Amino acid sequence: MANAPAKTPIVDVQNVVKKFAVGNTEVTILKGISFKVYAGEFVIIVGPSGNGKSTLLNMCTGIDYPNNGAVLVTGENIHDMNANRQSLWRGKNVGIVFQFFQMMPTLTLFNNVMLPMELAGKYSGKERKERAEYLLELVQLKEQMHKLPSMVSGGQQQRAAISRALANDPPLLIADEPTGNLDPTSAGLVFNIFKKLVDEGKTIMMVTHDKELAAQVSRQIEIVNGKISRDEFRQRQDWAGS
Ligand code: ADP
Ligand code: MG
């Protein structure tokens, strides 16, 4: 009887080392990090400030490269691609959400969501419009969608940024302190959207300092001093109805 096919991890971080030059010295920020994330996981990365959490996420999006080791995302070594291929790859496979939203200030929320679809060319013109509307409705911003980012609240901008991250329907979302700049109500709304997305099959890696949020997900990885100090799987707290 044939064996079941081996499951490919969505993210496969293999002995990643990252060094930065600080003045004349070199500081090792990531000291050989390895872990695998499988489809449908919601992984929260915690750890003290300055210990390499953002650097680690940047390794997984291809925004930055490791000095040693490799990162495979959906089976592909993302640092083996040239810059052009990598940015096309990223546009289709990874949705990125930042702490400070990073919306294009001169574009409406709707056009911010359209932009990655226009760049990736995955959907037809008609599909793009329908999708942008659908994604903004999903985060309850239909009424606001023709406003500029500066005309809406931080929480609304972050929800629009989530729509933008979902534009090309990527399997993986990577979020660096997405609730770090939001009031508790907005943070709760954003987190509820993430939970729903995981229920619908997305995989999420997110850095947060919010212990209450971190306690709700199925896996926590703690980074201390450039190493994994804890990688804990747990029963996901029941979030039905939230
Ligand atoms: P965290 O997200 O856990 O707060 P970071 O990954 O942002 O930590 O940063 C880890 C360390 O790496 C910090 O000391 C930071 O100053 C340093 N660092 C990050 N990016 C760079 C860079 N491009 N050049 C030099 N040092 C950097
Ligand atoms: Mg950080």
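Keep in mind it's a predicted model, so treat the numbers as computed, not measured. First listed ligand is number 1; within each ligand, the first listed atom is number 1.
By the 6.0 Å contact criterion, NZ on Lys122 is enclosed, its count of non-hydrogen atoms from other residues, nucleotides or ligands being greater than 12.
Nearest heavy atoms, Gln156 versus Leu141: O-CD1, 3.3 Å. Val207 and Pro178 get closest at one heavy-atom pair: O-CD, 3.5 Å. When all heavy atoms of Gln86 and Ile78 are compared, the pair lying nearest together is NE2-O, 3.0 Å. Listed here is the closest heavy atom pair of Glu212 and Asp210: N-OD1, 3.0 Å. Between Pro116 and Ala167, the shortest heavy-atom distance links the atoms CG-CB, 3.8 Å.
Between the side chains of Arg230 and Gln220, a donor-acceptor pair is found at a separation under 3.5 Å.
Annotation: atom 7 (O) of ligand 1 to nearest protein heavy atom, Ser54 CB, 3.6 Å. Among all non-hydrogen protein atoms, the one lying nearest atom 27 (C) of ligand 1 is Phe20 CD1, 3.3 Å.
Shown are Val73, Thr74, Thr203; of these, the side-chain contact (heavy atoms from CB on, under 4.5 Å) with Pro171 is made only by Thr74. Exactly one of Gln102, Met103, Gln157, Met145 qualifies for a side-chain contact (heavy atoms from CB on, under 4.5 Å) with Asn112. That residue is Met103.
Considering backbone and side-chain N/O atoms, Gly50 comes within less than 3.5 Å of an N/O atom of ligand 1. Inclusion of Gly52 in the set of residues having an N or O under 3.5 Å from an N or O of ligand 1 is warranted. Considering backbone and side-chain N/O of Lys53, one or more are found under 3.5 Å from N/O of ligand 1.
Remark: ligand 1 atoms within the under-4.0 Å shell around heavy atoms of Pro48 are 3 (O). Atoms of ligand 1 found under 4.0 Å from any heavy atom of Ser49, numbered from 1 in the order shown, are 4 (O).
For Asn51, the heavy-atom gap to ligand 1 drops under 4.0 angstrom.
A cation-pi arrangement is found for Lys18 relative to Tyr65, the charged atom lying closer than 6.0 Å to the ring centre and inside a 45° cone about the ring normal.
Nearest residue to atom 5 (P) of ligand 1 from Ile45, Ile223, Thr55 is Thr55 (criterion: closest heavy atom). Distances from atom 11 (C) of ligand 1 to the heavy atoms of Asp64, Leu30, Ile29, Val207 put Ile29 nearest.
Atom 15 (C) of ligand 1 is never approached by the protein to below 4.0 angstrom, counting heavy atoms only.
Note: Phe42 and Phe194 have perpendicular aromatic rings, judged against thresholds of 30 and 60 degrees for the angle between ring planes.
Distances from the Mg ion (ligand 2) under 2.8 Å pick out these protein N/O/S atoms: Ser54 OG.
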